[in-house]
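Everything on this sheet refers to the single structure shown next.
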Amino acid sequence: MLLADMHDYRKGYKKHFVSYKHLKSENADVDSRRLLLIYSVECGLKYKLLDKWHIKDPRKILDGGDERKRAILTTHNLDKILKELGQEGIFKLPALKTIHSDLVSSEAYHQLYRYCIKIQEKGKDKEERLEDVLKDIASWIGEGM
């Protein structure tokens with residue numbers, strides 16, 4: 001795992017969110033724009049974690065500090081991070097189901113779009129809702145930065 005600090009997470013959040021908005025305005029590739037949005041949100045949430053914990057150097061966590069915080073900082077599980085930030089239930093991320101019948105939780109969203117896996121037709125409305133909720137989270141992050 002590579003070390004990222006608050007500066008890196010903030011930059012990742014902003015850069016990916018700007019790129020997402022550009023692709024959205026152009027009605028460009030849905031999978032790529034959603035992937036950027038997911039990574040933007042993940043970076044922003046991890047920035048907020050370090051800020052909440054008053055930790056400037058994440059090495060303190062990653063090099064054997066608090067195991068609970070380490071697990072949260074290294075996860076892709078957006079629900080787990082939101083819970084730690086006191087936002088559990090505020091942002092409701094839907095579970096999706098792929099055409100291969102795999103259940104996709106918030107921890108696997110990035111894989112869904114990285115590999116361009118399609119979801120079941122009956123779940124298309126959930127996929128749209130996911131993008132809307134992620135945009136809401138990104139906006140909330142931006143307000144606190």
**Asked** At what distance, to the nearest 0.5 angstrom, does OG of Ser101 lie from CD of Gln120?
**Response** 5.0 Å
**Main-chain N/O of Asp29 paired with Ser32 side-chain donor or acceptor, under 3.5 Å** = no
**Asked** With distance as the sole test, does Tyr13 use its side chain to make a donor-acceptor pair with the main-chain N or O of Ala138 at under 3.5 Å?
**Response** yes
**Asked** Do Glu42 and Tyr47 meet the criterion of a side-chain donor-acceptor pair at a distance under 3.5 Å?
**Response** no
**Fill in**
For Lys52, the salt bridge (charged side-chain N to carboxylate O under 4.0 Å, His left out) test, sequence neighbours excluded, returns Glu84
**Asked** Honestly curious: do Val18 and Ile137 fall in one hydrophobic cluster under the side-chain, below-4.5 Å linking rule?
**Response** no
**Item:** With sequence neighbours excluded, residues passing salt bridge (charged side-chain N to carboxylate O under 4.0 Å, His left out) with Asp31
**Value:** Lys118
**Request:** Could you point out which residue of Ile72, Asp66, Leu50, Thr74 forms a side chain to side chain contact (heavy atoms under 4.5 Å, CB included) with Ile61?
**Result:** Leu50
**Item:** Leu23 side, atom CG; Leu37 side, atom CG - distance, nearest 0.5 Å
**Value:** 11.0 Å
**Message:** Enumerate the salt bridge (Lys or Arg N to Asp or Glu O under 4.0 Å) contacts for residues 134-145, please, sequence neighbours excluded, ordered by first and then second residue.
**Reply:** Asp132-Lys135
**Asked** Has the side chain of Asp8 got a donor or acceptor atom that lies under 3.5 Å from a matching backbone atom of Asp5?
**Response** yes
**Request:** State whether the number of non-hydrogen atoms from other residues, nucleotides or ligands found under 6.0 Å of Lys15 atom NZ is greater than 12.
**Result:** no
**Prompt:** Among Thr75, Leu134, Asp79, Ile38, which one satisfies side chain to side chain contact (heavy atoms under 4.5 Å, CB included) with Ser106?
**Reply:** Asp79
